[in-house]
Amino acid sequence: MPMQPWFTDAKLGIFIHWGIYAVDGVQESWSFYDDIVPHDRYMSQLDRFTGAQYDPKAWADLFARAGARYAVLTSRHHDGVALWDTAYGDLNLGRDYIGPYADALREKGLKVGLYYSHSDWNHPDYASTRKPGRPPEQEDNRYSEVAAEFEDLDAWERFIAYRDGQIRELASRYRPDLMWFDGEWDRSEEQWRIPELAALIRSHSPDVVFNARMLSEGDYATPEQGAPIEPPDGPWELCLTINDSWGYQHHDHNHKSLSQLIRYFTETIGGGGNLLLDVGPMEDGTIPEPQAERLEGLGEWIRTHSDAVYGTVRGLPAGHHYGPSTLSADRRTLYLTLYDIPRAEIGVRGLVTPVRKVTVLGTGTELAHRVVGGLHEAVGVVWIDPPAEGDLDPYATVLAVELDGELELYRGSGRF
């Protein structure tokens, strides 16, 4: 399937981890899986979850102001608790939270993404088999697998039927633009029936986009938390928390600064990827104020520098400019990001295409530039005068470098 162009031009998406784990502010699913929280205590949150202030239109408004073009909501995490009124399994909240979310996003022109975990550590038929090739000496977790001698393939078939029933509901009711899968490590592609699962979803949403955790059917790479040093080839997305937690945790106040988030964002889009920035709503459905404030701040920066964001592709390879960059789709304008106050001229190396003009994005101030040096095919360095103080952005300044033709780079080692 060809990659959907909306995805590669989206640049920013919002990840939403919302579920019963927000009641006590514990880690989603893993807290009972790893015996940090007793299972019965974890599941007691089901009866204490209210969603009393859930306002998906307010979510969509905030996400749009942040500059996002899509969002991804956890329809069902590894704990098996569904955010819609599913007819499959016993774990749901008795209310459809997904329908209003999908409608609100589409009203704002945002694409609809749904997270779904392949694994379900609460389903009675889930821990009925194990991943082929898993060493027998590795300890089994009672929530996810059984020893080889206790495998029950009939139970696994029942689980797949349950999984397919839920996926059919999600795909047919909400027609997601993106399905973000997780939990793939627990079983093999053959056990998950990945091609059949993809066909099921596409029968309702033919243009759906899958992340890499759909294995052979994945459309794009999904690095998590750690920003890649070498950007993946092809489409990709960095999923990143604003603090240290995916879901809401009362004690976690270690929020990344707006400056840091803008750096993550500009470095990600400079490498040709999208940033999927996570928020963890409280159990009543409200997004914590520190997270909302950072989304507002990021949106303000993006609005000022939108030419360097939307309609661009990955920028210069490392070594040409000290900082990230993006390139216009027609390959005739480079956008250079400067994080720090320039103490001297800004150098750009290896530009074969002549530079016509350099301006500060947001203010329009033109900056003088000149080429120094070069020999034969090894071109000289383009030196750009530093912006004046009044042209500097408090978080990241962007220079628009207009080229006299499409970008051509010299990548050689010079004359020896």
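- Surrounding CG of Asp330 are more than 12 heavy atoms belonging to other residues, nucleotides or ligands, all under 6.0 Å away.
- His251 places no side-chain N or O within donor-acceptor distance of the main-chain N or O of Gly25, the cut-off being under 3.5 Å.
- In this structure, the side chain of Asn141 engages the main chain of Tyr33 through a donor-acceptor pair within 3.5 Å.
- No donor-acceptor distance shorter than 3.5 angstrom exists from the side chain of Asn122 to the backbone of Gly80, with no hydrogens or angles considered.
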Pair His255-Gln291, side-chain contact (heavy atoms from CB on, under 4.5 Å): steps then yes or no:
CA-CA 8 Å; His255 295 92; Gln291 298 186 1; 4.1 Å; yes
From CA spacing to verdict: ring-ring contact (aromatic ring centres under 6.0 Å, His included), His123, Tyr162:
CA-CA 9 Å; His123 194 280; Tyr162 148 81; 4.2 Å; yes
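- The cationic group of Arg187 lies under 6.0 Å from the six-membered ring centre of Tyr126 and within 45° of the ring axis, placing it in a cation-pi geometry.
- Between Arg263 and Asp340 there is a salt bridge, with a side-chain nitrogen of the basic residue lying less than 4.0 Å from a carboxylate oxygen of the acidic one.
- A salt bridge is absent between Asp120 and Arg163; no separation between the charged side-chain nitrogens and carboxylate oxygens falls under 4.0 Å.
- Using a distance-only test at 3.5 Å, with no hydrogens or angles considered, no donor-acceptor pair links the side chain of His77 to the main chain of Ser117.
- To the nearest 0.5 Å, atom CG of residue Leu238 and atom CG of residue Leu276 are 8.5 Å apart.
- Counting heavy atoms from C-beta outward, Leu261 and Tyr395 have side chains that stay 4.5 Å or more apart.
- Nearest heavy atom pair, residue Ala104 against residue Ala60, reads O-CB, 3.5 Å.
- Nearest heavy atom pair, residue Ser75 against residue Tyr116, reads OG-CD1, 3.7 Å.
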Evaluate side-chain contact (heavy atoms from CB on, under 4.5 Å) for Phe265 paired with Thr337, printing each intermediate quantity in order.
CA-CA 11 Å; Phe265 177 66; Thr337 301; over 6 Å; no
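- For the pair Gln166 (side chain) and Thr86 (backbone), a donor-acceptor distance under 3.5 Å is absent.
- The environment of CZ in Arg370 is crowded: more than 12 heavy-atom neighbours from other residues, nucleotides or ligands sit within 6.0 Å.
- Using a 4.5 Å heavy-atom cutoff, the side chains of Ile287 and Phe63 are in contact.
- Contact between Gly311 and Asp9 at its shortest, heavy atoms only, is N-OD1, 2.5 Å.
- In terms of modelled atom types and a separation under 3.5 Å, the side chain of Trp84 and the main chain of Leu170 share no donor-acceptor contact.
- Considering only heavy atoms from C-beta on, Met179 stays 4.5 Å or farther from Met214 through its side chain.
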Evaluate ring-ring contact (aromatic ring centres under 6.0 Å, His included) for Trp246 paired with Tyr21, printing each intermediate quantity in order.
CA-CA 10 Å; Trp246 295 106; Tyr21 37 85; over 10 Å; no
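- Looking at Glu28, its side chain never comes within 3.5 Å of a backbone N or O of His17 through a donor-acceptor pair.
- Between Met3 atom CE and Thr8 atom OG1 the span is 6.5 Å, to the nearest 0.5 Å.
- With respect to the salt-bridge test (charged N to carboxylate O, under 4.0 angstrom), the residues Arg106 and Asp177 qualify.
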Test His78 against Tyr143 for ring-ring contact (aromatic ring centres under 6.0 Å, His included), laying out the working first.
CA-CA 10 Å; His78 316 316; Tyr143 295 113; over 10 Å; no
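- For the residue pair Glu406 / Thr353, no side-chain donor-acceptor distance below 3.5 Å is found, with atom types taken as modelled.
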Set out, in order, the CA-CA distance, both residues' side-chain angles and the distance that settles salt bridge (Lys or Arg N to Asp or Glu O under 4.0 Å) for Asp85 and Arg173, then state yes or no.
CA-CA 11 Å; Asp85 51 343; Arg173 288 190 198 178; 2.7 Å; yes
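- For the pair Leu73/Trp59, a side-chain contact is recorded, criterion being any heavy-atom separation below 4.5 Å from C-beta on.
- Counting only distance, with no hydrogens or angles, the side chain of Thr326 and the backbone of Ala308 share a donor-acceptor pair below 3.5 Å.
- Within a 6.0 Å radius of CD in Glu196, other residues, nucleotides and ligands contribute more than 12 heavy atoms.
- When atom types are taken as modelled, the side chain of Gln191 and the backbone of Arg130 share a donor-acceptor pair closer than 3.5 angstrom.
- Around atom CD of Glu230, no more than 12 heavy atoms belonging to other residues, nucleotides or ligands sit under 6.0 Å away.
- Looking at Leu336 and Leu316, their side chains come closer than 4.5 Å, going by heavy atoms from C-beta outward.
- Interatomic distance, Tyr70 OH to Asn274 CG, rounded to the nearest 0.5 Å: 4.0 Å.
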Between Leu197 and Glu217, does the side-chain contact (heavy atoms from CB on, under 4.5 Å) criterion hold? Intermediate values first, please.
CA-CA 9 Å; Leu197 180 61; Glu217 296 289 340; over 6 Å; no
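- Of all heavy-atom pairs spanning Arg314 and Pro231, the tightest one is NH1-CB, 3.8 Å.
- A salt bridge is absent between Arg193 and Asp164; no separation between the charged side-chain nitrogens and carboxylate oxygens falls under 4.0 Å.
- Using a 4.5 Å heavy-atom cutoff, the side chains of Ile194 and Glu184 are not in contact.
- You'll find the side chain of Asp35 reaches within 4.5 Å of the side chain of Arg142, heavy atoms only.
- Ser245 and Gln27 share no donor-acceptor pair across their side chains, judged by distance under 3.5 Å alone.
- Taking every heavy atom of both residues into account, Glu366 and Thr359 meet most closely at CA-CG2, 4.0 Å.
- The distance from the CZ atom of Arg294 to the CD1 atom of Ile242 is 7.5 Å, given to the nearest 0.5 Å.
- Crowding of Lys57 atom NZ: a count of heavy atoms from other residues, nucleotides or ligands under 6.0 Å not exceeding 12.
- Separating the CD atom in Glu237 from the CZ atom in Phe7 is a distance of 4.5 Å, to the nearest 0.5 Å.
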Would you please test Val355 and Leu334 for side-chain contact (heavy atoms from CB on, under 4.5 Å) and show each step?
CA-CA 10 Å; Val355 174; Leu334 266 173; over 6 Å; no
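- Side-chain contact between Thr74 and Asp182: absent, with no pair of heavy atoms (C-beta onward) separated by less than 4.5 Å.
- With a 6.0 Å radius and a threshold of 12 heavy atoms from other residues, nucleotides or ligands, Ile341 has its CD1 atom at or below the threshold.
- Side-chain N/O atoms of Tyr115 and Asn211 include no donor and acceptor closer than 3.5 Å.
- Minimum interatomic distance between Ile346 and Leu399 (heavy atoms only, all atoms of both residues): CD1-CD1, 4.2 Å.
- Without hydrogens or angle criteria, Gln45 side chain to Asp24 main chain gives a donor-acceptor distance under 3.5 Å.
- Atom CD of Glu145 sits about 9.0 Å away from atom OG1 of Thr129, to the nearest 0.5 Å.
- Aromatic pair Trp156/Trp192: centroids less than 6.0 angstrom apart.
- For residues 309-344, no pair satisfies ring-ring contact (aromatic ring centres under 6.0 Å, His included), with sequence neighbours left out.
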